[in-house]
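Report on the structure given below.
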Amino acid sequence: MAALMKRFACIAIIVFIMCSITDIANGQLSSTFYDKSCPKALSIVQAGVKQAIANEKRMGASLLRLHFHDCFVNGCDGSVLLDNSTTFTSEKYANPNNNSARGFEVIDSIKSQVENACSGVVSCADILAIAARDSVVQLGGPSWTVMLGRRDSTTASISGANNNIPPPTSNLTKLISLFKAQGLSTKEMVALSGGHTIGKARCVSFRAHIYNDTNIDTKYATSLRSKCPSTTGSGDSNLSPLDYITPTVFDKNYYCNLKSKSGLLHSDQELFNGGSTDSQVNKYASNQNTFFSDFAAAMVKMGSIKPLTGSSGEIRKNCRKPN
């Protein structure tokens, strides 16, 4: 019996060692991933984000959005940053990104500084993840521990961007479905939608909502129509803030706006329109701490969607093209 128990113990130890080796080979995400290989990485990103937002407050929302649009297309792999190549079409030209996604030059600048500090070590995907967190913090929102160790893709998927990123015309069922496809719950979807407490949207994205929908405050719709003509092609790129109360502060007012039927996008107002998510909007509108806590947790989960780790992908030298 003693010999048998000893044998089982040895097997258990071997299995544990093999699993540990597998974890290392797979390159699990870790908050301390660059502590030794590039200890200045996080501070470089933070400084770059701080300067970019000092130059233009809107940039914080743009960097947060880049991370979101990256993660929803084949995982958080930096694919949204790639320019056109002879083998693929850039995601920058997908409907959700074309003439809309921005902040690429900021990421380029940060990447260049990180490369100077430690060449070929820090991925563009990780820089995006860190920049998203730092942007939220810089604008008054919550912080969270960014898990690191993602590697960069060598290709992009314009079809994935067109199909996976929720369009502004989405109804609640569509929103729930698209987030569920990424492993995110309805609760996490509502929390992550709070990212719209900062940033702006183009007239083309909310024109139908302010002219055709009935679940919008009349005075709010009228104020928006002055900046967004009803005719397609006229003023398409005119901008309005997603949160008209505090457009450059990360807070709970996005949800307060929804309660007063002042969501800018059709998809925004769907979160508070007599459906299953009304109660969560009420909760966030009355308790900013709860929103902040749920948002931070959801960002960590979203940032862990299908990362390339271990020997998969690469560490791009230039975020705009594969090595």
Side-chain angles (χ1 to χ4, degrees), residues 41-73 76 78-83 90-94 96-116 122-144 146 161 165 168 192-206 227 236-251 253-254 264-265 268 292 295-296 299 302-303 316 318-320:
L42 272 72
S43 61
I44 292 172
V45 177
Q46 182 184 50
V49 169
K50 186 174 182 179
Q51 183 59 55
I53 293 176
N55 294 339
E56 182 197 12
K57 281 287 185 70
R58 183 188 172 203
M59 187 54 67
S62 299
L63 295 174
L64 174 61
R65 187 169 183 255
L66 277 184
H67 181 46
F68 168 53
H69 283 206
D70 182 35
C71 292
F72 265 56
V73 183
C76 312
S79 60
V80 71
L81 302 173
L82 289 168
D83 287 338
S90 171
E91 292 170 20
K92 296 176 183 179
Y93 297 100
N97 297 326
N98 194 28
N99 297 317
S100 174
R102 57 198 300 276
F104 300 108
E105 294 80 8
V106 173
I107 298 300
D108 289 342
S109 175
I110 292 172
K111 174 64 171 175
S112 177
Q113 295 174 61
V114 171
E115 283 295 304
N116 287 337
V122 182
S123 69
C124 300
D126 274 349
I127 289 174
L128 269 185
I130 301 165
R133 189 270 310 276
D134 291 347
S135 293
V136 170
V137 171
Q138 193 63 31
L139 294 175
S143 185
W144 59 91
V146 180
I165 298 171
L192 289 170
S193 296
H196 282 182
T197 185
I198 52 175
K200 298 179 179 181
R202 299 163 66 224
C203 164
V204 69
S205 297
F206 59 84
K227 308 171 187 175
D236 283 3
S237 293
N238 291 351
L239 299 170
S240 286
L242 288 156
D243 169 7
Y244 75 95
I245 299 177
T246 50
T248 59
V249 179
F250 198 98
D251 57 21
N253 281 335
Y254 167 77
L264 182 62
L265 306 179
D268 287 328
F292 277 12
F295 180 84
M299 284 297 294
M302 185 186 78
R316 285 184 220 139
N318 179 340
C319 291
R320 293 175 178 266

Closest non-hydrogen atom pair, Ser205 against Pro168 | O-CB, 3.6 Å
Write down the atom of Ile127, the atom of Val122, and the distance for their closest heavy-atom approach.
-> CG1-CG1, 3.9 Å
Taking every heavy atom of Ala61 against every heavy atom of Leu139, the minimum-distance pair comes out as N-CD1, 4.4 Å
What one should report as the nearest heavy-atom pair of Ser100 and Pro96 is OG-O, 3.7 Å
Would you check if Ile53 and Ser135 make a side-chain contact, meaning some heavy-atom pair closer than 4.5 Å?
-> yes
Please report the shortest heavy-atom distance between Leu66 and Gly103, naming the atom on each side.
-> CD1-C, 4.1 Å
From the list Lys50, Met59, Gln46, side-chain contact (heavy atoms from CB on, under 4.5 Å) with Gln138 holds only for Lys50
Arg58 side chain reached by Leu239 side chain, heavy atoms, under 4.5 Å = yes
Minimum-distance pair of heavy atoms, taken over all atoms of Ala161 and Val73 = CA-CG2, 3.5 Å
Establish, from distance only, whether the side-chain atoms of Ser90 and Arg320 form a donor-acceptor pair under 3.5 Å.
-> no
Measuring from Lys57:NZ to Lys200:NZ, what's the distance to the nearest 0.5 Å?
-> 11.5 Å
Would you please classify the geometry between the Phe292 ring and the Phe250 ring as parallel, tilted or perpendicular, with 30° and 60° separating the classes?
-> tilted
So how far is it from Cys76 SG to His69 NE2, rounded to the nearest 0.5 Å?
-> 12.5 Å
Hey, could you give me each pair passing side chain to side chain donor-acceptor pair (under 3.5 Å) that has a residue in residues 237-250? Not counting sequence neighbours.
-> Thr197-Asp243, Arg202-Ser237, Asp243-Thr246, Asp243-Asn257, Thr246-Asp251, Thr246-Asn253
When rounded to the nearest 0.5 angstrom, what is the spacing between CD1 in Ile165 and CZ in Phe72?
-> 8.5 Å
Under 4.5 Å between any side-chain heavy atoms of Asp70 and Ser79, yes or no?
-> yes
Calculate, to the nearest 0.5 Å, the distance between atoms OG and CD belonging to Ser62 and Glu56 respectively.
-> 6.5 Å
Flag, side chain of Arg316 to backbone of Gly78, donor-acceptor distance under 3.5 Å = yes
Atom pair CZ/CG of Phe104 and Leu63 - distance to nearest 0.5 Å | 10.0 Å
Side chain to side chain, Ser143 and Arg133, heavy atoms closer than 4.5 Å | yes
Measure the spacing between CG of Leu81 and CD of Glu91 and express it to the nearest 0.5 Å.
-> 9.0 Å
Show the numbers, then the answer: is there a side-chain contact (heavy atoms from CB on, under 4.5 Å) between Phe206 and Asp268?
-> CA-CA 10 Å; Phe206 59 84; Asp268 287 328; over 6 Å; no
